[in-house]
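Worth saying up front: this structure is predicted, and the values here are computed from it rather than measured.
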Amino acid sequence: MPAGAKSGSRTLGLLRQRGASLVHGLLPRCCALCSLPLAEPADRHSGWCGPCAASLPGVDAPRCPVCAQRTTAWPLPPGEPGATTPGPARPCPACRDAPPPFERTIALADYAPPLDRLVLALKFGHAVALARPLGVALAARIDFPVDLLLPIPLSAPRLAERGFNQAWLIARAIARAHACDSSAGKDLRHDAGVLARVRHDPPQALQALRARAANLRGAFSCQRDLAGLRVAIVDDVMTSGATLAEAARAVRNAGASFVATIVAARTLRD
Ligand SMILES: [Zn+2]
Ligand SMILES: [Zn+2]
């Protein structure tokens, strides 16, 4: 190898080492939930300690693969063997009767303590670093191919008021965590410029459940052709699912071949 190439590769190696130690130095030192120091490299990567990660509300509960709502029974046809035992996940009765415009949903856990506090701190307390543990945990749960992550956009007035979009922070954290996982095979792109919010609506929480879907009709538009792409729409919380469903319709109208949703937390059914 020529001398120049040799010193060049050594410089590159040194830069990589420095880069790795710099990244390690930026990793969180304390658990996002209990604030105890994180000693293990894997815990520092994820951002929370093992006991906290394992104790998230409903983290291991069986969920509908379509809407991520908790299911207490696996709705197999009456009389079918194994109808009372967990088996391959099947859609919940609501998704079976009226399938939403997305095929899959990944939710980390229920929107309940302490995960709800963490989501609120990210959203309203400007604790933007909390997007990382959410993104790392969600990336590890993606068990289907995805080409593009699209965060649910905020309307321009709300973005100006808050200064950031928590869904974009989570989407970016998912993409970064996915890139760190060598088994993932390829980079997962996230793009905040594809989905646009064309109307500024009152906060969903202030509206009656039935009014939400009607108010959201046509609330999103897609800024590019998504023909043949497998898309996952990212948000912090799924409540009625109306916002994600309306965004999914826009994504599907733009040609996406598969639409999933990824949320940090899922509210329990009323
Ligand atoms: Zn902890
Ligand atoms: Zn469902």
Minimum side-chain heavy-atom gap [X]-[Y] below 4.5 Å:
X: R230; Y: S257; answer: yes
X: V251; Y: F102; answer: no
X: R189; Y: V194; answer: no
X: I174; Y: H190; answer: no
X: V146; Y: I262; answer: no
X: H126; Y: F164; answer: yes
X: L36; Y: C49; answer: no
X: L226; Y: L150; answer: yes

What pair of heavy atoms forms the shortest contact from [X] to [Y], and how long is it?
X: A250; Y: L195; result: CB-CD2, 4.3 Å
X: A107; Y: L138; result: C-CD2, 4.4 Å
X: L115; Y: A264; result: CD2-O, 3.6 Å
X: A112; Y: P57; result: O-CG, 3.6 Å
X: D225; Y: A254; result: OD1-O, 3.1 Å
X: A121; Y: L130; result: CB-CD1, 3.7 Å

Pair L118-W48, side chain to side chain contact (heavy atoms under 4.5 Å, CB included): steps then yes or no
CA-CA 12 Å; L118 193 139; W48 38 32; 3.9 Å; yes

Looking at T105, T243, L244, which hits side-chain contact (heavy atoms from CB on, under 4.5 Å) with I233?
L244

Would you mind telling me which of L149, V119, D235, L122 makes a side-chain contact (heavy atoms from CB on, under 4.5 Å) with I170?
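The passing option is L122.
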
Which distance, rounded to the nearest 0.5 Å, do you find between the [atom1] of [X] and the [atom2] of [Y]?
X: R96; Y: R90; atom1: CZ; atom2: CZ; answer: 9.0 Å
X: F220; Y: I152; atom1: CZ; atom2: CD1; answer: 4.0 Å
X: R224; Y: L148; atom1: CZ; atom2: CG; answer: 6.0 Å
X: L108; Y: R266; atom1: CG; atom2: CZ; answer: 14.0 Å
X: R29; Y: R44; atom1: CZ; atom2: CZ; answer: 4.5 Å

Side-chain donor-acceptor contact under 3.5 Å, H45 with R132:
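Yes, because at least one side-chain N or O of H45 sits under 3.5 Å from a partner of the opposite role on R132.
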
Run L134 and Q166 through side chain to side chain contact (heavy atoms under 4.5 Å, CB included) and show every step you take.
CA-CA 11 Å; L134 299 175; Q166 72 281 356; over 6 Å; no

If two hydrophobic side chains count as joined below 4.5 Å and joins carry through other members, does L169 share a cluster with L159?
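No; tracing contacts between hydrophobic side chains, which count when under 4.5 Å, never links both residues.
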
Check the hydrophobic clustering (I, L, V, M, F, W, Y; side-chain heavy atoms under 4.5 Å; chains of links allowed) and say if I106 and F258 are grouped together.
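Linked, I106 and F258 end up in one cluster.
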
Checking side chain to side chain contact (heavy atoms under 4.5 Å, CB included) for the pair R104/D143: CA distance, chi angles, key distance, verdict?
CA-CA 10 Å; R104 288 286 313 273; D143 58 356; 3.3 Å; yes

Where do T71 and Q69 land on the side chain to side chain donor-acceptor pair (under 3.5 Å) test, with the steps shown first?
CA-CA 6 Å; T71 51; Q69 187 56 258; over 6 Å; no

Is any side-chain N of the basic residue among R63 and D110 closer than 4.0 Å to the acidic one's carboxylate O?
yes

Looking at E103 and R252, is any side-chain nitrogen of the basic one under 4.0 Å from a carboxylate oxygen of the acidic one?
yes

